[in-house]
Amino acid sequence: MQYDPGSFEAKWQDRWEQDKTFYAVEDESRPKFANIQMYPYPSGVLHMGHLRNYTYVDVMTRFKRMQGFNVLAPMGWDSFGLPAENAAIAAGVHPREFIESQIAQMKVQLRRLGAVYDWSRELASHEPAYYRWDQWLFLQLWERGLAYKANAPVNWCPKDQTVLANEQVVEGLCERCGTAVEKRDLDQWFFKITEYADRLLPDDSQLEEWPPRVRVMQQNWIGRSQGVTFGMEISGRQEVFDVFTTRPDTTFGMTFAVLAPEHPLVETLLAGSDLEEAGRAFVTEVRQESDIDRLATDRPKKGFFLGVKAINPINGTEVPLYMADYVLMGYGTGAIMAVPGQDQRDWDFAVAHDIEIIRTVQPPDDFEGEAYTGDGVIINSDWLDGLDKDAGIAQSIEWFEGQEIGKGDVKYRLRDWLISRQRYWGAPIPMISCPECGLVPVPETELPVLHPDVEDYQPKGRSPLAAVEDFVNVGCPSCGGPAKRETDTMDTFVDSSWYFLRYSDPHNEDAIFDPEKVKYWMPVDLYVGGVEHAVLHLLYARFIVKVLADMGLVEFSEPFLRMFTQGMITKDGAKMSKSKGNVVSPDPLYDFYGADAVRLYELFIGPATDDAVWTDRGVEGTSRFLKKVWRLGTEVETVDRDAADGDRAVIAKAHRTLRKVGSDIERFHFNTAVAALMELNNALADYVRSDDGARNETFDEAYGMLLKMLAPMAPHMSHELWEMRGGEILADESWPDWDPDLVVEESVTMVVQISGKVRARLEVATGISEDEAIALALGNERIVGLLDGLEPKRVIARPPKLVNIVM
RNA sequence: GGGCGAGUGGCGGAAUUGGUAGACGCGCAGGAUUCAGGAUCCUGUGAGCAUUACGCUCGUGGGGGUUCAAGUCCCCCCUCGCCCACCA
């Protein structure tokens with residue numbers, strides 16, 4: 001009987017859905033397993049790059065369920081936000097219409113893959129029933145002082161016509177469209193993620209099942225630096241400014257100080273001075289530089305002498321005060337003490353402006369021409385002389401604190417999360433601006449603030465919602481007077497920072513979720529998605545969950561226990577994507593090979609963490625494998641006879657395969673799991689062909705195990721075969737346990753080496769002793785011949801694997 | 001500039017704690033079946049030398065080292081990928 005996946009795949013897809021096989025309800029009798037993938041934005045047509053991800057998650061859903069877990073396998077849609085809106089605009093369709101048809105399309109495609117979900121928990125972030133709770137969450141942050149509006153220099157994407165969060169600017173370019181980002185001073189809404197900076201530092205004890213790479217990326221992004229902040233006076237004036245340094249041990253080497261051009265003191269110092277005009281021109285010049293230019297490290301450092309001297313508090317020396325483009329207002333205090341002897345940037349500046357350089361750490365011999373940043377003995381530093389770096393830092397901090405000039409301090413690279421967007425397709429920010437009362441939150445009872453339908457949703461630099469008069473004009477909730485709504489919408493990353501919690505209780509109309517249901521299902525046991533979200537979504541979600549934990553709504557502070565980031569599928573040297581024109585659609589492959597062969601190749605293509613190159617031939621290989629399995633299951637004639645050695649061997653092979661496949665799936669080593677199943681299938685085929693023929697019980701047992709192991713990976717075929725062979729629903733079978741007695745090999749090949757080179761291979765019993773192994777090796781005919789009567793210097797035995805005779 | 005990861009046949013890739021390098025698959029070659037093609041099955045397939053001996057030599061980016069034994073551990077170098085980067 002021929003393998004014809006087209007004849008049964010749709011049948012099983014219907015069955016799983018109609019029987020609600022993978023729908024989940026709370027059940028205290030079983031351990032839960034929340035198996036969640038990053039919800040996709042509705043891009044419409046899926047290609048093999050997307051399907052890799054869905055296949056992995058589906059395998060885990062099916063595998064964990066067979067293992068007895070109460071598996072939560074939900075799906076939702078990141079349907080608000082820039083990606084969805086831009087795609088809609090490109091398609092020339094209203095975003096709502098666009099994403100709803102895309103969602104419908106994607107559901108069909110997921111179904112054809114055989115991916116199973118609990119569709120009763122489906123959610124989409126553009127639905128009022130969902131974004132209502134975005135708005136509620138915003139109000140909670142507002143109440144806690146974690147949401148605020150401020151005028152600040154922000155990133156503006158001229159193409160997308162909106163501001164962006166720091167995390168959404170990659171090397172000075174818009175993360176979405178690649179346009180160079182500009183700086184603008186604007187009133188914008190922020191979430192105070194910096195208040196959680198320390199708690200967001202990856203804690204190895206809680207994130208131990210995260211890819212180390214992602215932890216490092218978050219750590220870099222948060223950028224914690226420990227040091228000292230101290231005040232500096234300006235000679236002959238009243239003003240004082242703070243500087244932050246991580247190297248207080250080098251303070252004696254300060255030969256100048258620098259303010260960021262945006263530093264408020266700059267204007268104070270310039271006002272009315274001879275330098276006023278030239279100084280302002282310098283500030284303007286620096287501010288006009290793009291981020292890309294300003295971030296380039298290899299260009300000369302621009303500076304401007306402010307005409308005054310600052311006083312180094314550690315020795316009373318007066319040093320010239322500059323402003324320079326290499327000092328950033330957004331980090332630390334926006335002002336630095338410059339120590340060219342130990343800092344390369346300061347060195348470059350000092351050389352360019354002919355400023356004295358004093359080394360305060362003894363560099364190694366013949367080290368010259370650059371700053372020495374390494375450790376060494378402190379010199380030219382009065383009472384710090386002779387100490388090393390760490391002791392110098394400790395003693396100088398003590399001195400600063402003792403003199404009450406400065407104190408130990410910690411600074412972060414992380415900035416607050418800019419969450420307002422001047423775009424149409426997002427959740428309205430539930431705030432009202434009243435001329436009398438100022439910023440007033442929309443009362444919770446009036447949520448959701450409905451997102452109005454408009455004709456003209458094109459981005460034009462201010463929110464399209466601002467043009468909707470009956471949306472904008474409202475009564476102030478506080479005084480009743482005329483007031484205006486906030487018209488900016490929320491960053492889509494707000495939507496995605498908590499949606500996984502909502503899966504626990506997706507239809508709740510009275511609360512963001514029932515804490516009891518979240519307590520049962522959450523945190524997420526396995527979270528699967530792309531590494532591109534390492535410092536975006538994954539950081540934001542961790543932040544929001546910590547806020548919810550502080551509110552007492554959840555009992556955990558980390559949302560994702562285990563994180564898996566899959567590699568990309570590439571073709572013709574590039575990531576598979578519509579814009580690159582190198583997508584491979586699954587549909588023709590489903591038609592020709594069936595979904596199972598496609599799934600299996602996605603699993604077999606290479607290590608799940610690595611990028612992999614797509615080749616159509618690969619599906620041919622997994623398809624052949626499935627045909628062989630099919631033929632074994634449908635054409636083999638078994639015989640009734642007594643068990644023999646071959647029977648035990650084939651059962652043992654099945655148990656060893658079971659042990660390997662189980663642990664491989666657990667570790668996302670799908671490629672080797674598939675290889676192990678191929679080996680088992682080959683072993684079964686050999687067994688069937690053997691002289692004795694296949695014995696009924698043996699074949700049924702081993703083949704049944706093969707089908708169960710295939711059930712998560714090639715579900716359609718394995719279910720069909722299981723049913724044909726008289727079984728019920730294969731998904732409801734439990735994952736078998738491997739038998740420790742059976743997985744032990746009875747005999748193994750032992751190699752005999754002479755001086756490390758393999759000279760003989762012997763079959764030996766697994767339990768062979770060291771003495772027996774040596775005796776056997778030395779007695780071997782070939783070995784005897786090669787030794788030619790010479791005495792071995794040493795014999796090393798590692799039974800049962802190896803004996804090495806050292807000559 | 002700093003940090004992290006990787007480099008294995010023609011190709012994708014295997015290889016707990018150092019212990020048979022190349023599992024599994026693709027491709028390729030030969031054979032069987034077939035009118036033919038396709039499909040399927042069998043055999044072979046790291047390189048070189050041999051083929052009297054399934055025997056020898058070399059072989060996991062390059063060089064050195066530790067060890068009875070190194071893809072695996074240590075040092076230096078090369079190449080590629082990723083992250084951060086005028087963050088004080």
Side-chain angles (χ1 to χ4, degrees), chain A residues 2 170-171 211-221 223-225 227-229 243-247 250 257-258 260 294-299 301-302 324-328 330-339 342-346 348-349 370 373 411-415 531-532 534-535 600-601 604-607 609-622 624-625 627-628 631 663 669 671-682 685 689 748-761 782 792-798 801-807:
Chain A
Q2 206 167 358
V170 180
E171 288 174 11
R213 186 171 55 139
V214 174
R215 287 203 307 245
V216 168
M217 282 163 76
Q218 293 213 352
Q219 191 140 4
N220 287 343
W221 190 260
R224 184 182 198 271
S225 292
V228 171
T229 299
V243 298
F244 173 73
T245 180
T246 55
R247 293 293 305 274
T250 66
V258 190
R294 201 163 164 182
L295 291 174
T297 53
D298 53 351
R299 62 194 200 120
K301 293 177 170 34
K302 266 187 213 158
D325 59 351
Y326 78 97
V327 175
L328 310 172
Y331 182 76
T333 60
I336 61 160
M337 69 160 186
V339 186
Q342 274 75 233
D343 184 287
Q344 190 57 40
R345 296 155 300 178
D346 297 345
D348 294 341
F349 191 87
E370 57 182 315
T373 55
K411 297 288 180 192
Y412 298 92
R413 212 187 69 94
L414 183 70
R415 308 294 151 82
V531 74
E532 66 273 16
V535 288
L600 224 43
Y601 180 52
F604 191 57
I605 192 167
T609 46
D610 294 6
D611 292 351
V613 182
W614 180 265
T615 43
D616 288 339
R617 299 293 322 171
V619 191
E620 187 69 44
T622 52
R624 271 180 213 164
F625 164 60
K627 284 178 194 167
K628 289 182 210 170
R631 223 174 303 124
S663 75
H669 291 190
N671 55 330
T672 49
V674 174
L677 291 175
M678 288 172 166
E679 272 192 67
L680 175 60
N681 187 59
N682 292 343
R689 269 200 307 267
V748 291
T749 305
M750 181 175 82
V751 298
V752 183
Q753 298 177 328
I754 295 178
S755 298
K757 291 194 186 296
V758 179
R759 294 300 182 212
R761 294 183 172 83
R782 216 177 106 67
K793 204 159 101 192
R794 216 174 132 191
V795 180
I796 289 141
R798 291 286 177 275
K801 287 188 143 177
L802 156 145
V803 171
N804 189 9
I805 300 160
V806 186
M807 297 308 292

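Please read all numbers here as calculations on a predicted model, not as lab measurements. We name chains A, B, ... by the order of the sequence lines, and we start the count at 1 in each one.
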Span that lies between the [atom1] atom of [M] and that of [N], in whole angstrom:
{"N": "B:rC54", "M": "B:rG61", "atom1": "C1'", "value": "32 Å"}
{"N": "B:rU45", "M": "B:rG22", "atom1": "C1'", "value": "12 Å"}
{"N": "B:rU17", "M": "B:rA69", "atom1": "C1'", "value": "15 Å"}
{"N": "B:rG38", "M": "B:rU57", "atom1": "C1'", "value": "44 Å"}
{"N": "B:rU20", "M": "B:rU72", "atom1": "C1'", "value": "15 Å"}
{"N": "B:rC77", "M": "B:rA29", "atom1": "P", "value": "45 Å"}
{"N": "B:rA14", "M": "B:rU8", "atom1": "C1'", "value": "10 Å"}
{"N": "B:rG44", "M": "B:rA70", "atom1": "P", "value": "30 Å"}

Could you work out which one of [options] sits closest to the side chain of [X]?
{"X": "A:Ile336", "options": "B:rA88, B:rC83, B:rC41", "value": "B:rA88"}
{"X": "A:Asn671", "options": "B:rU20, B:rG13, B:rA23", "value": "B:rG13"}
{"X": "A:Phe244", "options": "B:rA88, B:rG19, B:rC56", "value": "B:rA88"}
{"X": "A:Asp325", "options": "B:rC86, B:rG25, B:rA88", "value": "B:rC86"}
{"X": "A:Met678", "options": "B:rG25, B:rG19, B:rA14", "value": "B:rG25"}
{"X": "A:Arg631", "options": "B:rA88, B:rU40, B:rC24", "value": "B:rU40"}
{"X": "A:Thr672", "options": "B:rA14, B:rG25, B:rA88", "value": "B:rA14"}
{"X": "A:Lys628", "options": "B:rA14, B:rC41, B:rU20", "value": "B:rC41"}
{"X": "A:Val327", "options": "B:rU20, B:rA88, B:rA14", "value": "B:rA88"}
{"X": "A:Arg689", "options": "B:rC41, B:rG12, B:rA23", "value": "B:rC41"}

Under 4.0 Å, counting only non-hydrogen atoms across every strand here, what does [X] touch: a base, just sugar-phosphate, or nothing?
{"X": "A:Pro212", "value": "nothing"}
{"X": "A:Asn804", "value": "base"}
{"X": "A:Gly223", "value": "nothing"}

If the cut-off is 4.0 Å, is [X] near the phosphate of [N], judged by side-chain N/O to OP1 or OP2?
{"X": "A:Ser225", "N": "B:rA88", "result": "yes"}
{"X": "A:Arg794", "N": "B:rA69", "result": "no"}
{"X": "A:Asn682", "N": "B:rC24", "result": "no"}
{"X": "A:Arg759", "N": "B:rC56", "result": "yes"}
{"X": "A:Arg624", "N": "B:rC26", "result": "yes"}

What orientation do A:Trp614 and A:Tyr601 show, parallel under 30°, tilted 30 to 60°, or perpendicular over 60°?
-> perpendicular

Write down the atom of A:Ser225, the atom of A:Tyr331, and the distance for their closest heavy-atom approach.
-> OG-OH, 3.3 Å

When you match A:Thr622 and A:Lys627 each to their closest nucleotide on RNA chain B, which lands nearer the 5' end?
-> A:Thr622

Specify the residue among A:Lys801 and A:Arg247 whose closest nucleotide of RNA chain B lies further upstream toward the 5′ end.
-> A:Lys801

Side chain to side chain contact (heavy atoms under 4.5 Å, CB included) with [X]: which residues, sequence neighbours excluded?
{"X": "A:Glu532", "answer": "none"}
{"X": "A:Glu679", "answer": "A:Lys653"}
{"X": "A:Ala335", "answer": "A:Phe241, A:Val243, A:Leu259, A:His263, A:Thr333"}

Sequence neighbours excluded, which residues qualify as salt bridge (Lys or Arg N to Asp or Glu O under 4.0 Å) partners of A:Asp343?
-> A:Arg345

[X] [atom1] to [N] [atom2]: how many Å, rounded?
{"X": "A:Met750", "N": "B:rA69", "atom1": "CE", "atom2": "P", "result": "19 Å"}
{"X": "A:Glu679", "N": "B:rG13", "atom1": "CD", "atom2": "C1'", "result": "14 Å"}
{"X": "A:Ile796", "N": "B:rC68", "atom1": "CD1", "atom2": "C1'", "result": "3 Å"}
{"X": "A:Lys757", "N": "B:rG55", "atom1": "NZ", "atom2": "C1'", "result": "14 Å"}
{"X": "A:Arg224", "N": "B:rA88", "atom1": "CZ", "atom2": "C1'", "result": "16 Å"}
{"X": "A:Asn220", "N": "B:rG5", "atom1": "CG", "atom2": "P", "result": "13 Å"}
{"X": "A:Asp611", "N": "B:rG5", "atom1": "CG", "atom2": "C1'", "result": "12 Å"}
{"X": "A:Glu620", "N": "B:rC11", "atom1": "CD", "atom2": "P", "result": "21 Å"}

Flag the pair [X] / [Y] as yes when at least one side-chain heavy-atom distance between them is below 4.5 Å, and no otherwise.
{"X": "A:Phe625", "Y": "A:Asn681", "answer": "yes"}
{"X": "A:Val214", "Y": "A:Val531", "answer": "yes"}
{"X": "A:Val674", "Y": "A:Leu600", "answer": "yes"}

Just checking, any donor-acceptor pair under 3.5 angstrom between side chains of A:Asp346 and A:Tyr326?
-> yes

Just distance, no hydrogens or angles: give the donor-acceptor pairs under 3.5 Å from side chains in residues 748-759 of chain A, sequence neighbours left out.
{"from": "A:Thr749", "atom 1": "OG1", "to": "A:Glu763", "atom 2": "OE2", "distance (Å)": "2.8"}
{"from": "A:Ser755", "atom 1": "OG", "to": "A:Met807", "atom 2": "N", "distance (Å)": "3.4"}

Stems in RNA chain B, runs of 3 or more consecutive Watson-Crick or G-U wobble pairs with both distances under 3.5 Å, sorted by first number, are B:1-7 with B:78-84, B:10-12 with B:24-26, B:27-32 with B:40-45, B:46-49 with B:55-58, B:61-65 with B:73-77

chi for B:rG25 classified (syn = within 90 degrees of 0, anti otherwise) as anti

So does A:Arg213 reach the base of B:rG5 with its side chain, donor to acceptor, closer than 3.5 Å?
-> no

